[in-house]
Amino acid sequence: MKSIILTILLLANYLQADDFSDANEAYKNGDFKKTYELMKKSCDDGYMRACWDLGLLYSNGRCAEGDRQKSLDLYKKACDGGYEKGCDSYEIFKDIETE
């Protein structure tokens, strides 16, 4: 039973990483709509690196309409999910918002 659960978890992580890789490839190719969609899907599926990157997209307005609060929320989600860069970005961005 443990091996079945481990297999499912590994497969889910692989699929998240695959969407994330596809999002990065779309970004390189200039397909920002596809980048946003795949990055959002990866984030919604629990891939915290994708949440952080999605926060960057909101922050710079490149693939998503600029939204500072949404960006901050995504950095916090990534941080809460254990992604260290999410914590760093959240702390920096939060300080900027309060100035």
Side-chain angles (χ1 to χ4, degrees):
M1 182 65 166
K2 288 181 183 179
S3 63
I4 292 172
I5 292 171
L6 180 60
T7 301
I8 291 170
L9 290 173
L10 289 173
L11 179 60
N13 191 38
Y14 173 76
L15 293 175
Q16 291 169 351
D18 194 43
D19 284 337
F20 183 74
S21 295
D22 290 347
N24 283 319
E25 190 63 31
Y27 186 85
K28 289 177 191 173
N29 292 329
D31 189 346
F32 301 125
K33 181 179 179 186
K34 185 175 182 179
T35 300
Y36 173 81
E37 291 169 356
L38 291 169
M39 204 64 74
K40 183 171 182 344
K41 182 178 182 319
S42 291
C43 177
D44 290 345
D45 288 344
Y47 191 57
M48 294 301 110
R49 165 72 192 271
C51 295
W52 178 71
D53 278 352
L54 191 57
L56 291 174
L57 296 179
Y58 274 101
S59 182
N60 69 26
R62 183 70 182 232
C63 300
E65 185 175 326
D67 184 335
R68 289 178 174 239
Q69 186 58 53
K70 184 68 175 171
S71 182
L72 186 63
D73 292 344
L74 287 161
Y75 293 149
K76 177 136 178 44
K77 180 177 181 175
C79 179
D80 291 346
Y83 190 67
E84 190 173 329
K85 286 184 178 180
C87 298
D88 295 340
S89 296
Y90 178 75
E91 287 303 315
I92 292 167
F93 198 73
K94 180 180 73 164
D95 290 343
I96 292 171
E97 285 296 302
T98 59
E99 290 181 352

From [X] [atom1] over to [Y] [atom2], what is the distance, rounded to the nearest 0.5 angstrom?
X: D45; Y: C51; atom1: CG; atom2: SG; answer: 9.5 Å
X: L54; Y: Y47; atom1: CG; atom2: OH; answer: 14.0 Å
X: R49; Y: S42; atom1: CZ; atom2: OG; answer: 11.0 Å

Review point. Between the main-chain N or O of D67 and the side-chain N or O of S71, is there a donor-acceptor pair closer than 3.5 Å?
Key: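 Between the backbone of D67 and the side chain of S71 there is no qualifying donor-acceptor contact (under 3.5 Å).
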Review point. Can you name the side-chain contact (heavy atoms from CB on, under 4.5 Å) partners of E25, sequence neighbours left out?
Key: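 With sequence neighbours excluded, E25 shows a side-chain contact (heavy atoms from CB on, under 4.5 Å) to K28, N29, given in chain and number order.
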Check your understanding: Considering residues at least two apart in sequence or located in another chain, which fulfil the side-chain contact (heavy atoms from CB on, under 4.5 Å) criterion with A23?
Key ->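 For A23, the residues satisfying side-chain contact (heavy atoms from CB on, under 4.5 Å) (neighbours in sequence not counted) are L38, M39.
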Point to revise | L57 versus Y27, closest heavy-atom pair with distance | key: CD2-CE1, 4.3 Å
Cut-off 3.5 Å, no hydrogens considered: what does the side-chain donor-acceptor table look like for residues 73-85, sequence neighbours left out?
unit_1 : atom_1 : unit_2 : atom_2 : d
D73    : OD1    : Q69    : NE2    : 2.8
K76    : NZ     : D80    : OD1    : 3.2
K76    : NZ     : D80    : OD2    : 3.1

Practice item. Not counting sequence neighbours, which residues clear side chain to side chain donor-acceptor pair (under 3.5 Å) with S89? List them please. Key: W52
Exercise for review: Taking side chain to side chain donor-acceptor pair (under 3.5 Å) as the test, write out the residues that go with E37, two or more places apart.
Suggested key: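 Partners of E37 by the side chain to side chain donor-acceptor pair (under 3.5 Å) criterion come out as none, since no residue qualifies.
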Check your understanding: In terms of side-chain heavy atoms, does Y58 have a donor or acceptor partner in Y36 at a distance below 3.5 Å?
Key ->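 Yes, Y36 and Y58 have a side-chain donor paired with an acceptor closer than 3.5 Å.
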